Student: 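Just passing along the structure, written as structure tokens.
These numbers were taken from a predicted model, which means no experiment stands behind them.
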Amino acid sequence: MATEKVIIDDMKYRWVGIPLIGLVMHFFSHDTRGVSWLSIDFLQGWLTACSFTFLYWVGNAWIWKKLTHKFPHYSQTRKRLLLLALYSLLYSIIVPGILDVILMYFTDLSCTYDSFMGSCLVGLIPTFLCLLIYESVFFFESWKANVKKTEALARENVQSQLETLKNQLDPHFLFNSLNTLASLIDDENAPAQEYLERLADVYRYVLVSREKNTVTLEEEMNFLDAYIYLNKVRFRENLKVEKKISSNAYQQQVAPLSIQMLVENAIKHNIVSKDKPLTIKISQEDGNYLAIENNVQEKITFEKSTKVGLQNIINRYSLLTDKQVNIHKSPDLFTVRIPLLQAI
């Protein structure tokens, strides 16, 4: 499923978090017993701690955002958190080192091992709190986004089912009726038996796949072969379907019924005759896309296409991946490129 980009407006967290964490750092690093909160010494110490907190916050926030952008999926959480811990720890060591060198240069203070380790330990406070805030907000926002996407995808699947089964009998009833009809056909009538078997395969796939978000390309193409067979019985050699797909691509995922819907649209909206045969080409492009292309020879009809099926495919893929469905139409060719998805 496509990963929703979670954008965190962290300015409000910075305005509140930096002064509060700076105050905590000041209490940890200085003995403030008996010191008035309004004294110059206390306010200077707090301001210094806020400055340090700002450096820790900005640096760790930058590291977090980079890693979240590179590893956004929930399956990459462990890897992202391990790298986040490593880089943040290194940053929390480097910053005190640089600050100690600066202080040594401008003051008479000397840097000792104990003072350096003390700075590192105190620096872990804003590091931990900063990352805890970002991870908590990110987890909650990602959870909300995934819930919305799941609900939207469920609605799109329902719409797809209604579009596919529109004006048809209940699939269960028809599927059972086909099996009964097959038993009544003479065994010597092989073409009729095969036609019924392919028709049964089509409806079996519709029943099995309609509850799934994705299926393997191999499953979809096996179903498409049965669907094309049924149409070639009707159109014979006037309908040509060419496939050029590498064997590795068959284990990648596609939205169920999406390729069939594109083939169906090509047949529905174009002339298929001996004088004007329709050629549909299904080919793999750039390794991660599948192109469904047909020559354009539009039927003359008063019924305008609603393009509901094509829009449905676009909507479904927008919920499954960040990659877009590409559509290109020229006077001679109509091409739709759909993304091949990795198994989740």
Student: Taking Tyr317 for the side chain and Ile338 for the main chain, is one N or O donor matched with an acceptor at less than 3.5 Å?
Tutor: no
Student: Partners of Tyr87 by ring pair (Phe, Tyr, Trp, His ring centres under 6.0 Å), sequence neighbours excluded?
Tutor: none
Student: Decide side-chain contact (heavy atoms from CB on, under 4.5 Å) for Leu224 and Ile282; before the verdict, give the C-alpha distance in whole Å, the side-chain angles of both, and the deciding distance to 0.1 Å.
Tutor: CA-CA 11 Å; Leu224 187 66; Ile282 304 173; 3.4 Å; yes
Student: Same hydrophobic cluster for Leu82 and Leu86, using side-chain heavy-atom links shorter than 4.5 Å among ILVMFWY?
Tutor: no
Student: Starting from Val296, can I reach Ile327 by hopping between I/L/V/M/F/W/Y residues whose side chains sit under 4.5 Å apart?
Tutor: yes
Student: Would you say that His269 contacts Lys299 through its side chain, given a criterion of any heavy-atom pair below 4.5 Å between the two side chains?
Tutor: no
Student: Once side-chain contact (heavy atoms from CB on, under 4.5 Å) is applied, do any residues pair with Lys329, and if so which ones, sequence neighbours excluded?
Tutor: Glu298, Phe334
Student: Checking the side chain of Glu220 only, and the main-chain atoms of Ile259 only, is there a donor and an acceptor separated by less than 3.5 Å?
Tutor: yes
Student: Roughly how far, to the nearest 0.5 Å, is CD1 of Ile63 from OG1 of Thr68?
Tutor: 11.5 Å
Student: With sequence neighbours left out, write down each residue that passes ring pair (Phe, Tyr, Trp, His ring centres under 6.0 Å) with Phe71, or none if nothing qualifies.
Tutor: none
Student: Indicate if Leu333 and Ile271 have the same hydrophobic cluster label, given that clusters are the connected sets of ILVMFWY residues with side-chain heavy-atom separations under 4.5 angstrom.
Tutor: no
Student: Can you list everything that forms a side-chain contact (heavy atoms from CB on, under 4.5 Å) with Lys70? Sequence neighbours excluded, please.
Tutor: none
Student: Please name all residues satisfying side-chain contact (heavy atoms from CB on, under 4.5 Å) with Thr279, sequence neighbours left out, ordered by chain then number.
Tutor: Lys240, Glu242, Lys281, Asn295
Student: Which is it for Glu218 and Gln251 under the side-chain contact (heavy atoms from CB on, under 4.5 Å) test, yes or no, and what are the steps along the way?
Tutor: CA-CA 6 Å; Glu218 183 177 14; Gln251 296 310 310; 3.0 Å; yes
Student: Show your working on side chain to side chain donor-acceptor pair (under 3.5 Å) between Gln311 and Asn315 and close with a plain yes or no.
Tutor: CA-CA 6 Å; Gln311 187 60 49; Asn315 293 343; 2.9 Å; yes
Student: Testing the basics here: between Pro339 and Val254, what is the closest heavy-atom pair and its distance to 0.1 Å?
Tutor: O-CG1, 4.5 Å
Student: Check for a donor-acceptor pair, side chain of Arg316 on one end and backbone N or O of Pro256 on the other, with a separation under 3.5 Å.
Tutor: yes
Student: Does a side-chain heavy-atom distance below 4.5 Å link Gln342 with Gln253?
Tutor: no
Student: Nearest 0.5 Å please: distance from the CG atom of Leu262 over to the CD atom of Glu293.
Tutor: 12.5 Å
Student: Determine the minimum heavy-atom distance between Leu278 and Ala266, stating which atoms define it.
Tutor: CD2-O, 3.6 Å
Student: Can you tell me which residue among Asp332, Asn270, Asp275 is in a side-chain contact (heavy atoms from CB on, under 4.5 Å) with Gln297?
Tutor: Asn270
Student: Taking the side chain as every heavy atom from C-beta outward, state whether Lys243 and Asp225 have any pair of such atoms under 4.5 Å apart.
Tutor: yes
Student: Working to the nearest 0.5 angstrom, can you tell me the gap between Lys268 NZ and Met261 CE?
Tutor: 10.5 Å
Student: If the condition is side chain to side chain donor-acceptor pair (under 3.5 Å), which residues does Glu219 pass it with, not counting sequence neighbours?
Tutor: Thr216
Student: Please check if the number of heavy atoms outside Lys66 that lie under 6.0 Å from its NZ is greater than 12.
Tutor: no
Student: More than 12 heavy atoms of other residues, nucleotides or ligands under 6.0 Å from CD of Gln324: is that the case?
Tutor: no
Student: Using the rule given for side-chain contact (heavy atoms from CB on, under 4.5 Å), can you reason through Leu217 versus Ile245, listing the C-alpha separation, both sets of side-chain angles and the distance that settles it, and then say yes or no?
Tutor: CA-CA 10 Å; Leu217 179 60; Ile245 306 170; 3.9 Å; yes
Student: Should Ile267 and Met221 be regarded as members of a common hydrophobic cluster, given that ILVMFWY residues are connected when their side-chain heavy atoms come within less than 4.5 Å of each other, either directly or indirectly?
Tutor: yes
Student: Nearest 0.5 angstrom please: Asn238 CG to Lys274 NZ, how far?
Tutor: 8.5 Å
Student: Honestly curious: do Val336 and Tyr289 fall in one hydrophobic cluster under the side-chain, below-4.5 Å linking rule?
Tutor: no
Student: What do the steps show when you test Asp286 against Arg337 for side-chain contact (heavy atoms from CB on, under 4.5 Å), and what is the final call?
Tutor: CA-CA 11 Å; Asp286 302 328; Arg337 298 170 73 247; 3.1 Å; yes
Student: Out of curiosity, Ile313 CD1 to Ser318 OG, how far, rounded to the nearest 0.5 Å?
Tutor: 12.0 Å
Student: If I take atom CG from residue Leu320 and atom CG from residue Asn213, how far apart are they, to the nearest 0.5 angstrom?
Tutor: 6.0 Å
Student: Which class fits the ring pair Phe223 and Tyr205: parallel under 30°, tilted 30 to 60°, perpendicular over 60°?
Tutor: parallel
